[in-house]
Amino acid sequence: MKVDGKDLRPIWLDEDLKTVKIIDQRLLPHKFVIADLKSVDNIIMAIKEMYVRGAPLIGATGAYGVYLATLNSPAKTIDDGYLKAECSRLKSARPTAVNLVWGVDKVLSAVFSVSGTSEKIDAARKEAEKIAEDEAENCRKIGEHGVSLIEDISRRKKGETVHLLTHCNAGWLACIEYGTATAPMYAAYDRGIDIHVWVDETRPLNQGARLTAWELGKHGIRHTVITDNAGGHLMQHKMVDMVITGTDRTTFTGDVANKIGTYLKALAARDNNIPFYVALPSSTFDWTLRNGIKEIPIETRDPDEVRYVQGMDQGKTIDVLITPESSPAANFAFDVTPARLVTGFITERGICKASEKEILNLFPEKKPAVL
Ligand code: MRU
């Protein structure tokens, strides 16, 4: 996407073919810093500490991690055992986004399909690059499909502003290009549809206030940052026409894991008869899980992310304690919205209802896997 006239992605391989470059998302919007990742350890750290975050981006980063593992093999040949162990370490960096396992396994099987050290390195690089390219294209298609929903509302409102609400950051920073939840927004804006986006701040790490607001602002899209608890009030007062979120893992039955607080937005949307859509590429479907609430692993993170808030003070990024020194905190990073509260999914193949039948009709090649 363009930022101040420059084409930017949140991840790319440097010309030296040895360094994975990323935007350090911990520091946005106040500082724009590009970080270099040169080893599997660097990749794991960047995922765990959330230099990179968001399901499709975590998947692509893990994929590049496998490439770095082949490049940095301690032996002249690339031992299968070594590579599998590095992949297991990569896959356990964060538990909820299924894209990580998907991306790592995809590159691993590309490596296993060839023999010879340089061939394996080459296969890993090409597959990682392909994953990034494919995810960018999938997000573009999500935008193409999703914009029809916004167009319908705009038509119904006779061109009046369409008010959208989103949670967390499911924008291009979380993907490769366009984003998932934001892709239809960018497409609508680019087609001249009058839109305005309510951006949930998304405590504790404020991905909405820091990242989504930054992204939308850079594209010129009108938006307003709101507290996480404001959505229900806005919906009751008809100030939201549609909710669009991303997801970190969605079961083939339609249960949606996404940033903590998403479930409450879905409840409020249902109570107020407001469409609640989830945008995702197929890499975010988990074709093995039936019951999201029982089976999707929910990450718990450092309680200090709740106890402290990060901000900018006189040019310096600082952490400020907001709880009593001795109060414990709990940091559940995701929740699961059951399929019954989801109006539909916007995928690269089109839009479908949140039901096993409709999801599998869109992805028929997955049917044998889940029967
Ligand atoms: O903890 P994060 O910032 O990685 O969580 C990200 C989200 O919950 C996003 O909404 C989700 O990954 C969808 S991103 C396209």
Side-chain angles (χ1 to χ4, degrees), residues 1 9-11 22-26 28 46-62 93-103 132 135-136 138-143 146 165-186 199-212 214-215 228 243-250 256-266 276-286 292 296-302 305-306 310 331-337 342 345-348:
M1 299 293 278
R9 281 185 170 183
I11 192 165
I22 53 156
I23 299 173
D24 183 348
Q25 299 191 23
R26 299 167 313 155
L28 283 173
I47 295 173
K48 276 193 171 152
E49 301 299 323
M50 293 174 65
Y51 287 57
V52 288
R53 27 75 43 207
L57 179 58
I58 293 176
T61 309
R94 284 190 80 189
T96 303
V98 73
N99 304 58
L100 179 56
V101 173
W102 173 87
E135 289 298 57
N138 287 339
C139 287
R140 190 190 65 73
K141 289 181 181 159
I142 287 171
L165 184 144
T166 193
H167 192 68
C168 196
N169 172 261
W172 65 263
L173 284 166
C175 305
I176 308 296
E177 299 263 16
Y178 311 102
T180 53
T182 56
M185 300 175 189
Y186 288 126
V199 178
D200 284 353
E201 61 176 347
T202 320
R203 281 281 290 143
L205 295 180
N206 295 319
Q207 288 94 327
R210 295 187 304 107
L211 306 175
T212 306
W214 182 78
E215 267 194 34
D228 284 331
V243 180
I244 318 180
T245 74
T247 164
D248 291 83
R249 188 188 297 232
T250 287
V256 171
N258 193 46
K259 181 53 55 191
I260 193 79
T262 303
Y263 171 48
L264 294 179
K265 292 300 135 63
F276 181 95
Y277 278 91
V278 175
L280 73 165
S282 49
S283 54
T284 307
F285 278 111
D286 187 325
I296 296 178
I298 298 296
E299 178 180 17
T300 52
R301 294 183 60 83
D302 186 344
E305 289 180 354
V306 175
Q310 193 195 66
N331 190 0
F332 300 97
F334 299 93
D335 60 25
V336 175
T337 300
V342 178
F345 292 116
I346 311 168
T347 78
E348 73 266 25

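Whatever order the structure lists ligands and atoms in, that order sets their numbers, starting from 1. Just so you know, residue 1 is the first one in the sequence shown, and it goes up from there. For the numbers below, each heavy atom of this structure counts, side chains included, while hydrogens, waters and symmetry mates do not.
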Between R203 and D228, does any NZ, NE, NH1 or NH2 come within less than 4.0 Å of an OD or OE carboxylate oxygen? no
Contacting atoms of ligand 1, where contact means under 4.0 angstrom from a heavy atom of Q207: 1 (O), 2 (P), 3 (O)
Does the distance from a Lys or Arg side-chain N to an Asp or Glu carboxylate O, for E299 and R94, drop under 4.0 Å? yes
Considering only non-hydrogen protein atoms, determine which one is nearest to atom 8 (O) of ligand 1 and report residue, atom name and distance to 0.1 Å. D248 OD1, 2.8 Å
Within reach of ligand 1, part of L280 (heavy-atom separation under 4.0 Å): neither
At a non-hydrogen distance cut-off of under 4.0 Å, which region of A97 contacts ligand 1 (side chain, backbone, both, or neither)? neither
Would you please name every residue forming a ring pair (Phe, Tyr, Trp, His ring centres under 6.0 Å) with F285, sequence neighbours left out? W287, F345, F363
When you check the side-chain N and O atoms of T284 and N99, is any donor under 3.5 Å from an acceptor? yes
What is the closest protein heavy atom to atom 9 (C) of ligand 1, and at what distance does it sit? N258 OD1, 3.4 Å
Please round to the nearest 0.5 Å and tell me the distance separating atom CD of E135 and atom CD1 of I142. 8.0 Å
Do R53 and Q25 have side-chain atoms, one donor and one acceptor, less than 3.5 Å apart? yes
R94: numbered ligand 1 atoms lying under 4.0 Å from its heavy atoms: 1 (O), 2 (P), 4 (O)
Run the numbers for me: atoms of ligand 1, each under 4.0 Å from some heavy atom of G54, listed by number. 4 (O), 6 (C), 12 (O)
With no hydrogens and no angle check, just 3.5 Å: does a side-chain donor-acceptor pair link T212 and N169? yes
Give the minimum heavy-atom separation between E305 and P204, together with the two atoms involved. O-CB, 3.2 Å
Can you tell me if N169 contacts ligand 1 (heavy atom of the residue under 4.0 Å from the ligand)? yes
Does ligand 1 have any atom that is closer than 4.0 Å to a heavy atom of E299? no
Answer side chain, backbone, both or neither: which part of L205 comes under 4.0 Å from ligand 1, heavy atoms only. neither
Heavy-atom proximity to atom 1 (O) of ligand 1 ranks first, among K259, R53, H167, for K259
Residue F334 vicinity, atoms of ligand 1 by number, heavy atom under 4.0 Å: 1 (O), 5 (O), 8 (O)
Under 4.0 Å between a Lys/Arg side-chain N and an Asp/Glu carboxylate O for E177 and R9? yes
Atom 15 (C) of ligand 1: the protein heavy-atom neighbour that sits closest, reported with distance to 0.1 Å: T180 OG1, 3.1 Å
Is it true that the NZ or CZ of K259 lies under 6.0 Å from the centre of F334's six-membered ring and within 45 degrees of the ring axis? yes
Going by the order shown, which atoms of ligand 1 are within less than 4.0 Å of some heavy atom of M50? 1 (O), 2 (P), 3 (O)
Under 4.0 Å from a heavy atom of C175: which atoms of ligand 1 are those, numbered in the order shown and with their elements? 15 (C)
Validate the cation-pi geometry between R140 and Y178: distance from NZ or CZ to the six-membered ring centre under 6.0 Å, angle to the ring axis within 45°. no
At under 4.0 Å between heavy atoms, what of A55 touches ligand 1? The answer is both
Checking the N or O distance criterion of under 3.5 Å, is ligand 1 in contact with C168? no
Classify the contact between A333 and ligand 1 as side chain, backbone, both or neither, using a heavy-atom distance cut-off of under 4.0 Å. neither
